[in-house]
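Worksheet: the structure to be examined is printed underneath.
All chains are named by letter (A, B, ...) in the order of the sequence lines, taking the proteins before the strands, and each is independently numbered beginning at 1. It should be emphasised that the depicted structure is a prediction, and the values quoted were computed from it without experimental measurement.
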Amino acid sequence: MFELIAEQLLNGLQYGILLFLIAAGLTLIFGVMDFINLSHGSMFMMGAYFSILAQKLTGNFLVAVLLAGAGVFALGMLIEVLLARRLYARSHLDQVLVTYGLILLANESVSTIWGSVPLYSGLPEILSGHITLPLGIPYPAYRLVVIGAGFTIAIALFLLIQRTRIGMLVRAGATHRTMVSVMGVNIGFLFAAVFALGALLAGLAGALAGPLLSVQPGMGETVLILSFVVVVIGGLGSIKGAFLAAIIVGLLDTMGRAFLRDLLSSIFSPSVASDTGPALASMLVYILMALVLFFRPEGLIPMQKRA
Amino acid sequence: MSFIRTYGNILTLALAVAIGPIVAITMNDPYLLSTFERILIIAVAAASLNMILGFGGMVSFGHAVFLGVGAYATGLMANAGLTSLLVQLPVVIVASAFIALFIGAIALRTTGIYFIMITLALAQIFYYIAVSSSSFGGDDGMVIYERTTLGGFYDPFDNYQFYGFVAAVAVVLILSINHLVGSEFGQRLVACRENPARAEALGLNTFGIRLTAFVIAGVFCGLAGFLLANQSEFATPGYANWQRSGELLAIVILGGVGARSGPVLGAFVFIWLEHALSGWTTHWAAIFGPLLILSVLFFRGGLASIGTYLGNLRGERAR
Amino acid sequence: MLKLENVTASYGAVQVLFGVSLTLEKGSVTTLLGKNGMGKSTTVRTIFGLTDAIGGSITFEGESLIHQKTHKIAQRGIALVPEGRQVFPTLDVIENLVATSRYRGAARRRAAVDEILNLFPRLAERRTSFSGLLSGGEQQMLAIGRALMTDPKLLILDEATEGLAPNIRREIWAALKRLKSEGMTILVIDKSLKPLCRIGDQHSILVKGKTAWTGLSAELEDPSSEARQLLAL
Amino acid sequence: MSSALILDGISKSFGGIHALSKVSFTLKTGGIHALIGPNGAGKTTLVSTISGALTPDTGTVRLGERLLNGLSVHERSRLGLSRTYQLTSLFSNITVRENLALSLAARETPGLTFGQMARRHSAKRFAHQIDQALEDFGLQEKADANPAVLSHGDRRRLELAMAIITEPKVLLLDEPLAGLSSADAETLVHLIETRLRGDVPILLIEHDMEAVFNLADDITVLVNGEVLKSGTPDEVRASSEVQAAYLSEDDDF
Amino acid sequence: QDQDPVKVGFVLSLSGPGAVIGLDMQRGAELAIEELGGTIGGRAAEFIFEDDQRKPDVGKQAAERLVQSEKVDVVVGASFSNVMMAIHRPVTRAKTLLLSPNPAPAPLAGEDCSPYYFAVPFQNDQPAEAIGIHLNNIGVKTAFILAPNYQAGRDLLAGFKRHFKGELVGEIYTPLEQTDFSAELTEIRSANPEAVFIFYPGGLGIQFVKQYSQAGLKDSIPLHSAFTVGGATLEAIGEDGLGVTSGSQWAYDLPNEANKAFVAAYRAKYNGIPSEFAAQAYDTIRLIDSAAKAVGGKVEDTDAMAAAIKSANFESVRGSFSFNRNNHPIHNMYLLVVKKNDAGELVASADSLIVKDMPDAYVDACPMGK
Ligand SMILES: Nc1ncnc2c1ncn2[C@@H]1O[C@H](COP(=O)(O)OP(=O)(O)OP(=O)(O)O)[C@@H](O)[C@H]1O
Ligand SMILES: Nc1ncnc2c1ncn2[C@@H]1O[C@H](COP(=O)(O)OP(=O)(O)OP(=O)(O)O)[C@@H](O)[C@H]1O
Ligand SMILES: CC(C)C[C@H](N)C(=O)O
Ligand SMILES: [Mg+2]
Ligand SMILES: [Mg+2]
């Protein structure tokens, strides 16, 4: 039993970190720049597809992941220059509609180019096996790599946003864009770069998640809402918050799926439990979000307090 | 000119109602009515969203939940043999009001982006209740075997008669919404959006006004759900998911936020385009997506503002 | 140093500036006066390219600023303390100072921050507060500090002391005086005539988007002068 | 003279910052009471605790006999408490006239009003009062313009007009003169002097000392959230503490 | 003759997450149509494909349009059971023939059976029932079963439980959109069953089987399935699928002539191994054609057509089969095992016969023809 719980905790942690990877780019574009980017999920999907393409071309997983990131970076830059920069000053609603249009376009392009059959992103031999952890828990090696990557990106991003002037400038530009350029900063370039960086992170996440999730058109939407949830629960613009929230959501979701049914069946009849258990498990994350926003409307670690 | 300004939205609505039968009769294909039925139904839902969004500034990303509530309430009753309009309407109204009150009371404690997200979260909770409750048919949804009856007054399975029923209800609902946003209440709702602190300081109970608007909008959308259930003879969790809420937002924005003719125009163009394009190619989204993008970039006030260019054929805008 | 000649500008179809001319000598303090809505802020916006000049010329150190990007104009050494403060509300006090600073090197920047905090001790007490939560006066000090952090050659203050308490106003005037003595060129917009007369070398009055009067402090101090007429009701 | 507004022991802190500590004073009926103090002293915070926008940590607020603690902003407003904002706060997409009408209507029928006719005629219903206010505040020519296009001075006047048109029992003015040119400022001071003095007790926050000493019957000086001095203008002017903490001539540099 | 062309309407999942299966079915159907030279029963024919996006409401609209606007003679659809539940009634109520090329949900085999509705490939439960029987045969005592939580998932697990005699140590329904199974895999490991049975069609199956292998479970607990490893998914699953078994009425290497011809033609046209879904759609078109021929091209005579379909007078790629009283098949169930064929391709190959001439479990509940 103890091992079961330990292993499920590890699963939850790993899922949480994966969520953070996906949400990381969103904390930049949505949390810091204050741009509602529904097509973030599409960037994630493009990352997965680009990585498969690059694997075919180069045969090397690591190179493929990096190439995928670079590809999505370029795509992000393109979208920023063509669309996003016209929308910063507009309402959130306009951003919603435009990026919703992008989702449609992205899904359709992907299924036209690669077909709608799910593709599988391969793994190098050494990562496709499992490793035996303390307590004798066998754990897929690749999932451990994902955990490592998540931590690394979390730290790098935290330093970038909280400890460099770039982070400050982006936060400043999100509220007073003209003022930043009046102070002599090329805000247009800065925003394009950060937007593309957000896309890059989404792309990397997609490339890394490819082997864990099904690579198919529309794969972005299932994670999109969860990444928004993570960013909002964490507190807009807070990397620490997003990381914390992602882990909590990951653990909650996994533990809910794993134990809620058994827990309920010790109280209710098994049929009630097997009916409500999974239902409640899928709701847990949203219940959490509603509770957090109710009691701490600015998220767990609020970064932005508006005047 | 001022006639069109004042009555433009009524004109738009009249055209939207008339075009269905005209097309169906000319093409001699009554089935075509069903697309126009859906346009009117979604227009009701969009108008209710436009009321809280365009006038009250409340960006609800969970509005479709009321479509679901209305549809499931109707479906459960219909399949239990309660098909009379006189039974169904009150139940749908009470059910959606109740849930709107619950969601609104919680969500309205927040504003801005947090409001968007909390409405999404609460709507998802109801979505998952529908998905996982086996008595509602779970993920698969629920087939509805009987349409609402009016005491034998009309044949709900006759295409033209049913269209008449849908159109009549939709027109009443949309006109009621237009009346509301034009009333003093509507103006106060706008005041609460424009400057909540000042409105409160003037003595307006901003929370109360917003919550009232939210509940009213929920009820109207619930009634749209009632129509939708009848029209499609089906209730699915898909009616209540976030994509559907996003679609409603898209329709409102496309039509023109805060324009009274906006929801009808938006629903018409959105659904008709989707219908026409998907009949033409399975890759319709590749055309539809860019069209949405272009419309935001170039028609800043939505479809309703195109009228301005074409001789002011639009309703009064509240913004 | 900065020269505006017959500048005209409009917001969309509404023309607001009808011929503004100004000449700022290096190391001097120039004031821009005028009643509400006469185009003072618009003049400043036009210098920064935020409002497009439709006619006339603007040159800084001999080079034209017209049709230049805003950030390029700023990079030449012009800094602004804008009307309404416009501090970055989601950044704390220190971050506001550091974010757009043009001092290179952490040590140099830290020294500059210390100087500003010396100038406005009130800010030192609030150093980790989000600037959106500061009182109006505190925000004004921060906006001035932020402008100074770009090491400007020309400092422009729009409504330099709006909403400030008398003692702070005095400190700000003193600070400007010190900056002037260090050789900075300053353009200041404000409504309190007395201190403006003391600190300013040269004054211009805008009436309905036109430079209506330019002269020296002595003339402005005379209550019966033409200048006073232009500023009164 | 009886008391219109009584504050007793108000404290408020934000995190570690003590914005107000045990502030007490009384606003007499019919008088103008100025509240002055350095930037960040807590003046706006105090106004917000009176209006109900902030809840004080300790202390009570009374309007005449009535205890206001626990009432919401709109409830207090209906009891006759009106305020203006330090930064102008108007409804910028409806006309000046409609701004005033909204102000009156909100006070008259606080409940939900769904009638269409009501709106059409609300402007007419209140026409007399509104015309009077427009005239008093010199806004006749701007009646049908939206505040968004008004000059700063006009907007400050409208801000004030909206606060007093409902004939409040107490008026809280947060820096009404800020940003006004001297000419505009003079007009507004004159307006307060002639139109308001005596009718309604006023709590006036202002950094313009000329105006304060011209208008105020009583002055309270707030420094670091504490009352440093309360008294008549002459007493305050004479206080060396006040001189040091706050007052000092503009050109004394 | 100047007859109108025969109209056949399709409702398939051609976009969205269900398209993996829907598009495969479209390919199978198009192959059959091509072989028939675009005719049905010797008459010129028109084929209309509608996309249901795997959404019941969309499918229902599509079906109604086909029936009411296009006035088709036969509707072929859907790809998934939830859509089938939604289109079944409007089509049969209009007395139009409805042939399922894939889903056959339990209610439609029992109480809600209809003379106008035919499930061509199977009844949903059957492949799972077969695996249950197979596990009994090989002496498995404990099993863990999983499926997505929707009509077909519930049908299949019910089918498995109907015959399996051992102990169920776990039964999990996952949300339809869930693709990461780490928590479930941990539960499986902890329950340590002798066998695992899954129904994860399309992309879900790719993920489950890969993750099962990555977690190191594949070597210790054999994996059994239905509709999970096959032509549509094996390429993506790769070597991790080796050894996984399925229950099915069809395999690409069933040795009958019709099948050989089908597989060869499919390979020639699409350059790949057909999936069971393609085979089923292929069968469905050929069944319609055979019936149309039997009624002399008078497809408008619905009752005659229904009778002709019921006699199932054609060479099915699955070998012999016939329709039961409830218009559901009686046919053989085979055990398929994933292995590498001689050409080195990964295939689900027929290994042995599990049940001969198997009827479905619901026929008794169907009032039709009693
Ligand atoms: N965005 C705008 N669009 C249209 N007109 C504007 C805009 N901004 C300002 N104006 C108008 O331009 C004129 C000049 O405004 P400006 O802000 O330059 O005046 P100012 O001299 O700075 O006044 P103040 O002392 O009140 O700050 C005013 O009449 C104002 O109404
Ligand atoms: N919401 C808040 N959170 C944290 N600190 C706050 C908040 N509001 C005000 N403060 C702080 O409380 C103190 C008092 O602020 P307040 O706005 O009352 O000052 P004020 O006297 O009105 O100043 P001014 O004359 O500059 O307007 C300031 O130091 C300010 O930074
Ligand atoms: C076999 C599966 C892919 C489809 C299943 N029969 C269903 O109804 O959904
Ligand atoms: Mg100005
Ligand atoms: Mg203040």
Q: Give, as side chain, backbone, both or neither, the part of B/Ile287 having an atom under 4.5 angstrom from any heavy atom of chain A.
A: neither
(Q) What part of A/Ile36 gets within 4.5 angstrom of chain B, counting heavy atoms only: side chain, backbone, both, or neither? (A) side chain
Q. How long is the span from the OH atom in A/Tyr88 to the CG atom in A/Asp34, to the nearest 0.5 Å?
A. 11.0 Å
(Q) Heavy-atom cut-off 4.5 Å, strictly under: side chain, backbone, both or neither for B/Ile129 against chain A? (A) both
Q. Looking at B/Val59, B/Val131, B/Leu297, which one has more heavy-atom pairs under 4.5 Å with chain A than the rest?
A. B/Leu297
Q.
Does B/Arg109 qualify as a cation-pi partner of B/Phe207, given the criterion of NZ or CZ under 6.0 Å from the six-membered ring centre and within 45 degrees of its axis?
A. no
Q: Could you tell me whether a side-chain N or O of A/Glu80 sits under 3.5 Å from a main-chain N or O of A/Phe195, the two making a donor and an acceptor?
A: no
Q. Do you know which of A/Leu83, A/Asp94, A/Leu38 has the most heavy-atom pairs with chain B at a distance under 4.5 angstrom?
A. A/Asp94
Q: Measure A/Ile225 against the heavy atoms of chain B and call it side chain, backbone, both or neither at under 4.5 Å.
A: side chain
**Q.** Heavy-atom proximity to chain A below 4.5 Å, by part of B/Ile125
**A.** both
**Q.** Taking every non-hydrogen atom, the tightest pair across A/Glu108 and A/Thr112
**A.** O-OG1, 2.6 Å
Q) Of all heavy-atom pairs between B/Phe220 and B/Ser48, which one has the smallest distance, and what is that distance? A) CB-CB, 3.7 Å
**Q.** Contacting moiety of A/Ser282, where chain B heavy atoms sit under 4.5 Å
**A.** both
**Q.** side-chain contact (heavy atoms from CB on, under 4.5 Å) between B/Trp242 and A/Phe228, intermediate numbers included
**A.** CA-CA 12 Å; B/Trp242 71 266; A/Phe228 271 97; over 6 Å; no
(Q) Please tell me whether A/Phe35 and A/Phe191 form a close aromatic pair, meaning their ring centres lie under 6.0 Å apart. (A) no
Q: Using non-hydrogen atoms and a 4.5 Å limit, figure out which bit of A/Leu284 sits close to chain B: side chain, backbone, both or neither.
A: neither
Q.
For the interface with chain A, which of B/Ile106, B/Leu294, B/Leu254 has the highest count of heavy-atom pairs at distances below 4.5 Å?
A. B/Ile106
**Q.** Contact origin within B/Leu122 toward chain A - heavy atom pairs under 4.5 Å
**A.** side chain
**Q.** chain B contact via A/Leu224 - which portion, at a heavy-atom distance below 4.5 Å
**A.** side chain
Q | Shortest non-hydrogen contact from B/Leu76 toward B/Met142 | A | N-CE, 3.6 Å
